[in-house]
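See structure below.
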Amino acid sequence: MESKLSAAWSQEQIFHFDDNATRDEVYSIDTPPPTASGSLHVGHMFSYTQTDVVARYKRMRGKEVFYPLGWDDNGLPTERRVQNYYGVRCDPAKPYDPHYAPPEKPAKNQRDWDMISRRNFIELCETLTVKDEKVFEDLFTTLGLSVDWRQTYRTIDDHSRTVSQRAFVRDVRSGNAYTAEAPTLWDVTFRTAVAQAELEAKERPSAYYRYPFKDSAGKEVIIATTRPELLPSCVALVAHPEDERYQQLVGSTVTSPLFDVEVPVLAHPLADPEKGSGIAMICTFGDMTDVTWWRELNLPTRAVIGRDGRLSGDTPQWITTPQGRDHYQQLAGKTVHSAKEAVIDLLQTSGLMRAEPEKITHAVHFYEKGDKPLEVVTSRQWYIRNGGRDAERREQLVERGRKITWNPSFMRSRYENWVEGLNGDWLISRQRFFGVPIPVWYPLNSAAEPDYDHPILPAEDQLPVDPASEPAPGFAESQRGESGGFMGEPDVFDTWATSSLTPQIAGQWERDSDRFQRVFPFDLRPQGHDIIRTWLFSSVVRANSLHDTVPWTNTAISGWILDPDRKKMSKSKGNVVIPNEPLEQFGADAVRYWAASAKLGADTAYEISQMKIGRRLAIKLLNASKFAFGMGVTEEHVIAPGSDPTIITEPLDQALLAKLRSVIEQATEHFDNYDYARALSVSESFFWSFTDDYVELVKDRAYGAQGEPAQASVRATLATALDKLLRLFAPVLPFATDEVWRWWRHGSVHAASWPEPSELDAVAGSPAVLDAVAAGLTSLRRAKAEANVKQRTEILSARISGPQQEMDSVRSALQDLQAATKSQVLELESTEGAPQEIVVSELALAEAATA
RNA sequence: GGAUCUGUAGCUCAGUUGGUUAGAGCGCACGCUUCACACGCGUGAGGUCGAUGGUUCGAGUCCAUUCAGAUCCA
């Protein structure tokens, strides 16, 4: 059923975007491009279904839905996957081998992996991502996503590279992007700079080591530090300006132990009197606080840690005493880790350690994909202004956030928290291979040294460019690296620098302006709350500087998927569920039901039981429909504006449709508020009362036992109810509903319109009638259950008593009730006074046989 | 340290702007092979709404304090 319908939707082009629609008619969705090199996860099914439910609803509401889906395939995750999958490594110095073929199986030992050229490496990235993307597309199709697959993009394809480079060139020209030599967070494993958004703070055990500096009088000033290996790069000591212990020292100089470097003692409010001994070493650079001190106190740079994470092999020239130079020689070339041990050893043998190390745990910054703490090194990088260094721009970006409707609304405070906590501009250059090249060149002077202050930008019609293989405008390739020539920028963009432009990429910015103005700013950005600080924020930054607007007007934030024990699913815990399993076991509709019954923003457990309910609902929908069609229901029986409503003669039938009308109203309202879960639950509870009570009550009449007009009334009611119900469930259960739709209607339910309450204007009636009769039905069923007889046992006579109004309602459907409960005589009695329950008494049963 | 979310039946959750006796599904108990459906149907038991105080004629819902869990930011 599922593959048959998927094929039909594709063939009937139901999800194709029509470029003739006006902006008002369009509903555009900027979907997260999944990282195809990552593993498939049930979380993908969860959040993408939630988006799809909205897309299908909007389509039925008559919107021309623009629903593309891209693949985020550039960057480090892909590089790592290619390395591990093929067993290769990139060596940019190697020449290109046009006949290269990767090993059949990757070598077990990383040392035996093939070293291949950058171009060969990128070719493998291209091959593997295409393969991975197919797997994702298959899953999403099976899940029933109503994506327009013609609009697919890849964040590494020519178009994406062009958009990314164009946006960058414009940002450079408008001053929103710039290059600077500055201290930068650096991952020594991946040898690349890292942005604030990619940080992860992890609690790590560490220890304070205490040792003395000496003032001019030879008095000891004890400092406590967790990073004694940075002692050779110490440029100052710092204490809080109001810390009385150190006030008289501020302004004087002290001499460092082991290395005999004279450094000033300074005051700064960021020094925490509670931490360690209250006075800290400033080293260039131990962390971002050092960077702040260095900048605000105008300190010199004394870097000793290189990009490889090792201490410089040359003894720094600021260490001048023979003893100091000797001590440094014992550290030169060591990794941070062994340098730390060596310094501790030196301090101990010199008798300078003033206390036992004090063990602590503290938060250390890691690259989210790395496993070594980040270092701070000075390097030349490209930045995009994001308000991190500019209060006015920050305020502007907070304001943009307020122009977006957040679903759920509280997610906005995550955005504002993040924006307000920024401490620097967005670093967008990465020292990697598989990414969008930064499209700049630098002129070389007569000594072949680059002039970074005058980068050469490409013309926009030249894009995309690769400065590593194409010469700078106005130069010949032969001038590369020559004095008076040029050099290409070797770095690539951070993946977010491209991903932040998905609205521009999908909307064909500057490539098809007609398309772009129809879809931008987009109507909806769905995504997870983990990437508010990255993808969402960076997109707002780009739209702000490039278009002076928000990128979208609504955002729908999905929750996380937790395992049934409320733990986050992760590979290392071994609790990951492969998406195909539930799809095969329960079907796409069931999985979608599970996803669609969770509210936006709510972290949700992976619940098989919820999927079982979904499957039961889908099957019930098929069976109830079969019943209706078995009763001779056809398309002609559907009551629509213009058809004769007087055919619905029975108050019970009128009551059902009156109730349905209010269900439609409520479901529509909830859907409009992006509360698809409540829309579903409203429709669902109506549907169960429809099958359990209404259908049971009218069976006798449907078989024709009460004459033709009464039967015609049922047929019209069943047809009309089914017509609305199938459409109400279509966004969540696209397969079951369309299957049924095609049994008796033309085309697909997904091309049909969302039901309107006005479709039922012609039918008058009170929902209370159904409630009262259903209550009577339940009372009689209960009476039989309590009498311990089978439900099909005949009732010779019984008395039902209850409030006057309810008894009137019951009387209006007495024949149906009698038939459904196999009752020969039902006596109705109105009770006086306060509202009372419906009570069954004086029950006389046909057979004495107990159940 | 700052911010946000969550706490309701054994479990998973709903409960809109305060308004009768707090709901659903699963699970549990009992019963039913009823002519759409055993991938099913019926009936039932089960809750002092985390705690305390306040506002109100009236609080699961609003306010304050507090406890527990989670997340984000620093």
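All values reported here derive from a predicted model rather than from experimental measurement. Sequence lines set the chain letters: A, B, ... in the order given, protein chains first and strands last, and positions in each chain run from 1.
- Comparing B:G42, B:G25, B:C5 against the side chain of A:Phe410 picks out B:C5 as the nearest.
- Note on residues 713-725 of chain A: pairs passing side-chain hydrogen bond (donor to acceptor under 3.5 Å, both in side chains), not counting sequence neighbours, are A:Asp653-A:Ser713, A:Asp723-A:Arg727, A:Asp723-A:Arg745, A:Lys724-A:Glu759.
- For the pair A:Thr604 and B:U12, the criterion of a side-chain N or O lying under 4.0 Å from OP1 or OP2 is not met.
- Atom CZ of A:Arg782 and atom P of B:G31 are 19 Å apart (whole Å).
- Of the candidates B:A74, B:C73, B:A36, the closest approach to any side-chain atom of A:Gln196 belongs to B:A74.
- With a 6.0 Å cutoff to the six-membered ring centre and a 45° limit on the axis angle, A:Arg533 does not count as a cation-pi contact of A:Trp496.
- Per the geometry, CZ belonging to A:Arg616 stands 13 Å off C1' belonging to B:G27, to the nearest Å.
- For A:Glu696 and B:A36, a side-chain-to-base donor-acceptor distance below 3.5 Å is present, hydrogens and geometry of angles not being considered.
- B:G46 and B:U12 have their C1' atoms separated by 16 Å, given to the nearest Å.
- Note: CD (A:Gln666) to P (B:A14) measures 18 Å, nearest angstrom.
- Checking B:U16, B:C37, B:U71 against the side-chain heavy atoms of A:His670 singles out B:U16 as nearest.
- Separation of the C1' atoms belonging to B:A45 and B:U4 is 39 Å when rounded to the nearest angstrom.
- Under the Watson-Crick or G-U wobble criterion, with both distances below 3.5 Å, B:C28 is paired with B:G44.
- With a 6.0 Å cutoff to the six-membered ring centre and a 45° limit on the axis angle, A:Arg412 does not count as a cation-pi contact of A:Trp418.
- Rounded to whole Å, the C1' atom of B:C39 lies 24 Å from the corresponding atom of B:G44.
- B:G27 and B:G42 are spaced 14 Å apart, taking the P atom of each and rounding to whole Å.
- Of the candidates B:U33, B:C73, B:C35, B:U33 carries the atom nearest the A:Arg792 side chain, counting heavy atoms from C-beta on.
- Side-chain N/O atoms of A:Arg414 include none lying less than 4.0 angstrom from OP1 or OP2 on B:U71.
- Across every strand in view, B:A36 sits unpaired, with no contact that passes the Watson-Crick or G-U test at under 3.5 angstrom.
- At the heavy-atom level, A:Ile613 lies under 4.0 Å from the strands shown only through sugar-phosphate atoms.
- The partner of B:A64 is B:U52, by the rule that a Watson-Crick or G-U pair needs both atom distances under 3.5 Å.
- Using a 4.0 Å heavy-atom cutoff across all strands shown, A:Gly421 reaches sugar-phosphate atoms only and no base atom.
- Nearest-nucleotide assignment on RNA chain B puts the 5′-proximal partner with A:Val695, out of A:Val695 and A:Ala785.
- Nearest to the side-chain atoms of A:Lys626 among the listed nucleotides B:A36, B:C73, B:C26 stands B:A36.
- Base pairing analysis places B:A3 opposite B:U71; the two distances defining the Watson-Crick or G-U wobble pair are each below 3.5 Å.
- For A:Asp530 and B:C73, the CG to P distance is 10 Å, given to the nearest whole Å.
- Comparing B:C26, B:U34, B:U12 against the side chain of A:Gln791 picks out B:U34 as the nearest.
- Here B:U12 is the nucleotide among B:U43, B:G25, B:U12 with the atom lying nearest to any side-chain atom of A:Glu607.
- For A:Lys599 and B:U6, the shortest distance from a side-chain N or O to OP1 or OP2 is not below 4.0 Å.
- Considering only side-chain atoms of A:Trp418, the nucleotide from B:C39, B:A74, B:C72 that sits closest is B:A74.
- Comparing the P positions of B:A3 and B:U66 gives a spacing of 13 Å, expressed to the nearest Å.
- A:Asp603 has its CG atom 12 Å from the C1' atom of B:G69, to the nearest Å.
- When the C1' atom is compared between B:G7 and B:G47, the two are found 14 Å apart, to the nearest whole Å.
- Separating the C1' atom of B:U17 from that of B:U21 is a span of 23 Å, rounded to the nearest Å.
- Across all strands shown, A:Trp560 has no heavy atoms under 4.0 Å from either base or sugar-phosphate atoms.
- Residues A:Phe671 and A:Tyr676 place their aromatic rings such that the two centres sit no closer than 6.0 Å.
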> Which is it for A:Tyr367 and A:Trp186 under the ring pair (Phe, Tyr, Trp, His ring centres under 6.0 Å) test, yes or no, and what are the steps along the way?
Replying inline: CA-CA 8 Å; A:Tyr367 175 39; A:Trp186 185 270; over 10 Å; no
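- When heavy atoms are screened at a 4.0 angstrom cut-off, A:Arg678 is found touching base atoms of the nucleic acid.
- One finds a salt bridge joining A:Glu375 and A:Arg227 here, because a Lys/Arg side-chain nitrogen approaches an Asp/Glu carboxylate oxygen to under 4.0 Å.
- Spacing between atom CG of A:Leu536 and atom P of B:C72 amounts to 16 Å, rounded to whole angstrom units.
- For the C1' atoms, the distance from B:U52 to B:A68 is 15 Å, rounded to whole Å.
- The residue A:Asn423 sits apart from the nucleic acid: no heavy atom pair falls under 4.0 Å.
- One donor-acceptor pair, N or O on each side, does fall under 3.5 Å between the base of B:A36 and the side chain of A:Lys699.
- Of the candidates B:G15, B:A36, B:G25, B:A36 carries the atom nearest the A:Tyr703 side chain, counting heavy atoms from C-beta on.
- Using the six-membered ring where Trp is involved, A:Phe687 and A:Phe729 have ring planes that are perpendicular, over 60° apart on the 30 and 60° scheme.
- One cannot find a donor-acceptor pair under 3.5 Å joining the base of B:C32 and the side-chain atoms of A:Lys790.
- Residue A:Ser685 is out of contact with every strand shown, counting any heavy-atom pair closer than 4.0 Å.
- A:Glu684 contributes atom CD, which lies 3.0 Å from atom OH of A:Tyr593 (distance to the nearest 0.5 angstrom).
- Each of A:Ala363 and A:Leu777 has a nearest nucleotide on RNA chain B; the 5'-most of these lies closest to A:Leu777.
- Atom pair A:Tyr593:OH and B:C13:C1' shows a separation of 11 Å (rounding to whole Å applied).
- In this structure, A:Ser681 reaches neither bases nor backbone, as no heavy-atom distance under 4.0 Å exists between it and the strands shown.
- As a whole-Å value, the separation of A:Asp692 CG from B:A36 C1' is 12 Å.
- Each of B:U34, B:G42, B:A36 was ranked by its minimum atom distance to the side chain of A:Phe627; first place goes to B:A36.
- Looking at heavy atoms from C-beta onward, A:Ser625 lies in side-chain contact with A:Trp743 at the 4.5 angstrom threshold.
- Here B:U20 sits opposite no nucleotide as a Watson-Crick or G-U wobble pair (both hydrogen-bonding atom distances under 3.5 Å).
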